[in-house]
Protein chains: 2
Amino acid sequence: MSNPRRKSRQRERIFEIISKDKTHPTAQAVYDILRKEMPTVSLGNVYRNMKILAEEGRIECRNFGDGIERYDAIVGLHYHFVCEQCKSVTDFPMALQSDIIGMAKKISSHTITGHSIQFYGICDKCKQK
Amino acid sequence: MSNPRRKSRQRERIFEIISKDKTHPTAQAVYDILRKEMPTVSLGNVYRNMKILAEEGRIECRNFGDGIERYDAIVGLHYHFVCEQCKSVTDFPMALQSDIIGMAKKISSHTITGHSIQFYGICDKCKQK
DNA sequence: TTACTTGCAAAGATTTTGCATCTGT
DNA sequence: ACAGATGCAAAATCTTTGCAAGTAA
């Protein structure tokens with residue numbers, strides 16, 4: 001049995017960092033930021049807390065193809081753009097394609113509960129170079 | 001400078017396995033199959049060859065959220081279904097959503113060259129249990 | 001006090017790489 | 001013979017875990 005979670009300054013701060021960060025940071029990136037203000041934090045514990053936050057449904061864990069887990073605050077379903085040059089991941093401001101889910105449910109016998117869309121290409125920053 | 005690639009029975013066989021396998025196998029899965037007929041193959045070399053095949057554009061490397069790279073023969077753009085229970089990945093028979101790319105190009109200043117869509121849920125097999 | 005949290009280090013898991021040997025051309 | 005391909009083992013990366021000490025309630 002697990003008791004209700006205790007409040008932890010570290011975990012709350014991790015949640016804040018992920019919420020405010022628009023780059024969908026990796027555990028390492030969160031650790032680098034956190035370490036500046038809490039020099040004794042351990043990377044292992046950042047992983048642990050990010051997993052807990054994901055279990056609690058406060059953040060989401062995603063993977064955009066480079067084999068490294070990234071985290072995203074929950075702000076409703078949205079899509080992503082992945083730059084193939086600098087590997088950055090940003091939100092993509094396209095409206096929810098709800099018709100796609102409907103279409104998918106019609107043509108498949110699997111139970112479909114969600115979907116995700118990614119766009120790939122070269123981001124503005126990389127184009128300038 | 002790199003010379004033209006030599007033919008390698010192992011690499012060709014790996015390509016064949018990935019082409020015929022509908023489960024989008026991981027390197028380990030390909031290795032397990034290959035080892036039965038070529039007992040001396042090394043996992044490291046399977047990784048090496050899959051990377052080469054991907055560089056040559058003969059297969060594609062994908063990641064469906066569990067942190068393990070999976071490989072897919074190139075058979076044109078198509079979408080995928082990921083079972084959240086058994087983690088299997090199967091092709092999803094939905095027609096290409098070309099209007100999505102057009103829409104995406106209109107609303108973003110990034111250069112968009114591709115997209116991918118995944119559906120999530122519970123597959124038929126898992127539902128039977 | 002009790003049980004969750006943390007830091008640290010060790011262990012796991014996946015993937016890459018160095019090197020000597022083998023092999024296709 | 002030459003340069004790519006292979007097997008092996010070691011290393012590199014990313015992530016998880018055990019444990020003793022710390023801390024919120």
Side-chain angles (χ1 to χ4, degrees), chain A residues 1-18 23-56 58-72 82 87-89, chain B residues 1-18 23-56 58-72 87 89:
Chain A
M1 285 296 124
S2 68
N3 282 17
R5 291 223 177 273
R6 197 180 297 170
K7 227 181 242 176
S8 140
R9 182 176 308 159
Q10 186 179 126
R11 186 155 58 239
E12 291 311 308
R13 188 70 189 100
I14 288 173
F15 175 66
E16 241 180 80
I17 289 171
I18 295 173
T23 68
H24 305 76
T26 62
Q28 181 69 53
V30 171
Y31 173 62
D32 289 341
I33 294 169
L34 198 58
R35 191 159 43 158
K36 286 175 192 163
E37 46 194 82
M38 293 181 187
T40 66
V41 289
S42 61
L43 180 56
N45 216 48
V46 171
Y47 273 104
R48 226 171 343 213
N49 277 321
M50 298 192 14
K51 209 174 180 186
I52 290 170
L53 287 169
E55 275 167 23
E56 293 178 342
R58 299 174 66 188
I59 63 175
E60 259 183 328
C61 173
R62 294 167 184 286
N63 193 306
F64 294 99
D66 57 359
I68 304 175
E69 305 293 338
R70 288 166 174 277
Y71 289 84
D72 204 354
V82 181
K87 308 296 179 192
S88 66
V89 177
Chain B
M1 283 300 120
S2 68
N3 281 16
R5 292 223 177 273
R6 198 179 296 170
K7 228 181 241 176
S8 140
R9 182 175 309 158
Q10 185 178 128
R11 185 155 58 239
E12 291 311 308
R13 189 70 188 98
I14 287 173
F15 175 67
E16 241 180 80
I17 289 171
I18 295 172
T23 68
H24 306 77
T26 62
Q28 180 69 54
V30 172
Y31 173 63
D32 289 342
I33 294 169
L34 198 58
R35 192 159 42 158
K36 287 175 192 162
E37 49 194 79
M38 294 182 185
T40 65
V41 289
S42 60
L43 180 57
N45 217 47
V46 172
Y47 273 104
R48 229 173 339 216
N49 276 321
M50 298 193 11
K51 209 174 179 185
I52 290 170
L53 287 168
E55 274 166 23
E56 293 178 344
R58 298 174 67 189
I59 63 175
E60 259 184 328
C61 174
R62 293 167 184 286
N63 192 306
F64 294 100
D66 57 358
I68 304 175
E69 305 293 338
R70 288 165 175 278
Y71 289 84
D72 204 353
K87 308 295 179 193
V89 177

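Order of the sequence lines sets the chain letters (A, B, ...), proteins ahead of strands, with each chain counted from 1. Quick caveat, the model's predicted, so the values are computed rather than measured.
- The CE atom of B/M50 sits 12 Å away from the C1' atom of C/dT14 (whole-angstrom rounding).
- Annotation: the terminal axes of the helix from C/dT1-D/dA25 to C/dT25-D/dA1 meet at 30°, where each axis is the rotation carrying the C1' atoms of four end pairs onto the next four (5 pairs per end, rounded to 10°).
- Annotation: salt bridge (Lys or Arg N to Asp or Glu O under 4.0 Å) contacts of A/R62 (sequence neighbours excluded): A/E60, A/D72.
- With sequence neighbours excluded, the residues that form a side chain to side chain contact (heavy atoms under 4.5 Å, CB included) with A/Q28 are A/T26, A/Y31, A/D32, A/L43.
- For the atom pair B/D66 CG and A/E69 CD, the distance stands at 8.0 Å (nearest 0.5 Å).
- Atom pair A/R13:CZ and C/dT5:P shows a separation of 19 Å (rounding to whole Å applied).
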Tabulate protein N/O versus nucleotide N/O from nucleotides 23-25 of chain D, keeping only pairs under 3.5 Å, one per line.
residue	atom	partner	partner atom	Å
D/dT23	O2	A/R6	NH1	2.7

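- Judged as a salt bridge (Lys or Arg N to Asp or Glu O under 4.0 Å), and not counting sequence neighbours, B/R11 has no contacts.
- Taking all atoms of both residues into account, the shortest heavy-atom contact from A/N63 to B/G67 is ND2-CA, 3.6 Å.
- Here the C1' atom of nucleotide C/dT16 and the CD1 atom of B/I52 are 13 Å apart, to the nearest Å.
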Please write out each protein N/O paired with an N/O of nucleotides 16-20 of chain D under 3.5 Å, distance rounded to 0.1 Å.
residue	atom	partner	partner atom	Å
D/dG18	O6	A/R48	NH1	3.2

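- Between the CD1 atom of A/I14 and the P atom of C/dT6 there is a distance of 7 Å, rounded to whole Å.
- Between C/dT6 and A/S8, a contact under 4.0 Å exists linking OP1 or OP2 to a side-chain N or O.
- Every residue two or more places apart in sequence or in another chain that forms a side chain to side chain contact (heavy atoms under 4.5 Å, CB included) with B/Q10 is listed here: B/S8, B/I14, B/L34, B/M38, B/V41, B/N45, B/N49.
- In terms of the side chain to side chain contact (heavy atoms under 4.5 Å, CB included) criterion, residue partners of A/E55 (sequence neighbours excluded) are, by chain and number, A/R5, A/K51.
- For A/N49 and C/dT5, the shortest distance from a side-chain N or O to OP1 or OP2 is not below 4.0 Å.
- Look at CZ on B/R11: it is 15 Å from C1' on C/dC22, rounded to the nearest Å.
- Rounded to whole angstrom, the span from the CE atom of A/M38 across to the P atom of C/dT5 amounts to 14 Å.
- For the atom pair A/S42 OG and A/R35 CZ, the distance stands at 11.0 Å (nearest 0.5 Å).
- With sequence neighbours excluded, the residues that form a salt bridge (Lys or Arg N to Asp or Glu O under 4.0 Å) with B/R13 are B/E16, B/E37.
- In this structure, A/E69 reaches the sugar-phosphate backbone alone: every heavy-atom distance under 4.0 Å involves primed, P, OP1 or OP2 atoms, never a base.
- Residues passing the ring pair (Phe, Tyr, Trp, His ring centres under 6.0 Å) test with A/F64 are A/H80, sequence neighbours excluded.
- C/dT14 atom P lies 11 Å from atom CG of B/D32, rounded to whole Å.
- For A/T23, the side chain to side chain donor-acceptor pair (under 3.5 Å) partners are A/D21, not counting sequence neighbours.
- For C/dC8, the OP1/OP2 oxygens have no side-chain nitrogen or oxygen of A/S42 closer than 4.0 Å.
- Separation of atoms CD1 (A/I59) and CD1 (A/I18) is listed at 4.0 Å; rounding is to 0.5 Å.
- Within the 4.0 angstrom heavy-atom criterion, only backbone atoms of the sugar-phosphate kind lie near A/Q10; the bases stay farther away.
- If you measure from atom CD of A/E56 to atom C1' of C/dC4, you get 12 Å, rounded to the nearest angstrom.
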